[in-house]
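Here the structure comes first, spelled out in structure tokens, and everything after it is commentary.
So that the names make sense, note that chain A is the first sequence line, chain B the second, and so on, each numbered from 1. Computed from a prediction, not measured in an experiment: that's the story for all the values here.
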There are 2 protein chains.
Amino acid sequence: MGAHDEKLERFRDFIRKRGLKSTRQRDDIAGWFFDYKGHISADRIYREVKRVSPGIGFSTVYRTMKLLCEAGLAHERHFGEGEALYENVSAHHDHFICTDCGRIIEFENPQIEALQELAARDFRFVIKSHKMEIYGLCEGCAQPTR
Amino acid sequence: MGAHDEKLERFRDFIRKRGLKSTRQRDDIAGWFFDYKGHISADRIYREVKRVSPGIGFSTVYRTMKLLCEAGLAHERHFGEGEALYENVSAHHDHFICTDCGRIIEFENPQIEALQELAARDFRFVIKSHKMEIYGLCEGCAQPTR
DNA sequence: GTGCGTGCAAAGTATTTGCATGATG
DNA sequence: CATCATGCAAATACTTTGCACGCAC
């Protein structure tokens, strides 16, 4: 049984515990999203799920994605200034973002996190979360093939 | 002479070199902004400058702030998901953001930057810029006074 | 059956743009 | 005096909300 089914189950649990209701639309959106690898906009989720579940509404996608975030199953990211992108929650990580081709590379660095804690101490700041986005050129875009 | 006047001069230079024109509005907005310490929204800049220069228009503020960014004199920041905030450009730094009171603390940490470069090397990624925002509670909000 | 969920359209934010008029180089 | 800049309103992009109807529990 894949991560997909486990997540769907967790989502249904979350919904039940909140006194909400399971619906075909919620399952369709969540189910489709759990299979997606990467960062995706509400608009694209809408268009993709619409192919399977034609009656789906825009607002339902937004409302469901918000629920998934609250359930801890999705993360809403705001890179640059455009629309929000959603990603499946996995281990914590940060991002390299290629400003040329838009490619997003995830990475993780415990040493940096440790230094953040150290820096925070100077200001008696209590860290809850952070966002680190590094912009530049990915391998392909940095060395043009010619 | 103060940083204020030096910046105004740099802005006028930039405008001239681009074949654009100096106007009272551009000077009013830029001049007011250069004196502001902190992070401020276009809307608030508009309302503040309006007090000095009542005829000012909303779009002129947006257009001027964009010019200031292109001139390298302002930075546009997108914290969280709300509106953009502008800050005067100074040395590079990152931000602690209090999720309770909204306070923004600037800090700088060369060790973290070095580790970013190191991490980037693994992906042959060429760093152009980065954004590191650390969310949590500032000193005042972390230890309630009671 | 009751209340939550849905789809639609309309409203909300934040920002940008078209256009007629006005100021600058 | 040709351009560019301005202020306004309308347009845009993204997201949220009100509402009548329908489905889950």
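Contacts of Ala84(A) with the nucleic acid, taken as non-hydrogen atoms under 4.0 Å apart, involve only primed sugar atoms and P, OP1 or OP2. Residue Gly82(A) is classed as having no contact, given no heavy-atom separation below 4.0 Å to the nucleic acid. The residue Ser59(B) sits close to a base: some heavy atom pair falls under 4.0 Å. Among the heavy atoms of the strands lying under 4.0 Å from Ser22(B) are primed sugar atoms or P, OP1, OP2 only; no base atom is included.
Interface remark: the Arg63(B) side chain does form a donor-acceptor pair with the dG7(D) base, using a distance-only criterion of under 3.5 Å.
Distance Leu20(B) CG to dA2(D) C1': 15 Å, rounded to the nearest Å. The CZ atom of Arg12(B) sits 13 Å away from the P atom of dT24(C) (whole-angstrom rounding). Between the CE atom of Met65(B) and the P atom of dA14(C) there is a distance of 17 Å, rounded to whole Å. One interatomic measurement links the two molecules: NZ of Lys17(A) to P of dC25(D), which rounds to 16 Å at whole-angstrom precision. Between the CZ atom of Arg16(B) and the C1' atom of dA5(D) there is a distance of 17 Å, rounded to whole Å. At whole-Å resolution of the value, CD1 in Ile15(B) and P in dT3(D) are 20 Å apart. In this structure, Leu68(A) places its CG atom 15 Å from C1' of dG5(C), rounding to the nearest Å. Going from atom CD1 of Ile29(A) over to atom C1' of dT6(C) covers 10 Å, rounded to whole Å.
Summary of the strand contacts: Tyr46(B) and His78(A) both lie near DNA chain D, and taking for each the nucleotide with the nearest heavy atom, the more 5' one is attributed to Tyr46(B). When the nearest nucleotides of DNA chain D are assigned to Glu81(B) and Thr60(B) by heavy-atom distance, the more 5′-ward of the two goes with Thr60(B).
At dC23(D), none of the side-chain N or O atoms of Thr23(A) fall inside 4.0 Å of OP1 or OP2 (strictly under the cut-off). The side chain of Arg24(B) places no N or O atom within less than 4.0 Å of a non-bridging phosphate oxygen (OP1 or OP2) of dA23(C). Side-chain nitrogen and oxygen atoms of Tyr62(B) include none within less than 4.0 Å of the OP1 or OP2 phosphate oxygen of dT16(C). Phosphate proximity of dT6(C) to Arg26(A): present, with a side-chain N or O under 4.0 Å from OP1 or OP2. Between Lys21(A) and dT6(C) there is no side-chain polar atom (N or O) within less than 4.0 angstrom of OP1 or OP2. Gln25(A) has a side-chain polar atom (N or O) that falls below the 4.0 Å cut-off from OP1 or OP2 of dG7(C). A close approach under 4.0 Å does occur between a side-chain nitrogen or oxygen of Lys66(B) and OP1 or OP2 of dT16(C).
For Ile56(A), the side-chain atoms get nearest to dG7(C) when compared with the rest of dT15(D), dG7(D), dG7(C).
Taking the six-membered ring wherever Trp is involved, the centroid distance between the rings of His92(A) and His130(A) falls below 6.0 Å. Checked against the 6.0 Å centroid criterion, the rings of His39(B) and Tyr86(B) do not qualify as a close aromatic pair.
A parallel orientation is assigned to the rings of Tyr36(A) and Trp32(A), their planes being inclined by less than 30° (bins at 30° and 60°).
Checking side-chain atoms of Arg103(B) against main-chain N and O of Glu139(B) turns up no donor-acceptor pair under 3.5 Å.
Side-chain atoms of Glu87(B) and His93(B) include a donor-acceptor pair closer than 3.5 Å.
The minimum heavy-atom distance linking Ser22(B) with Ile15(B) is given by the pair N-CG2, 4.0 Å.
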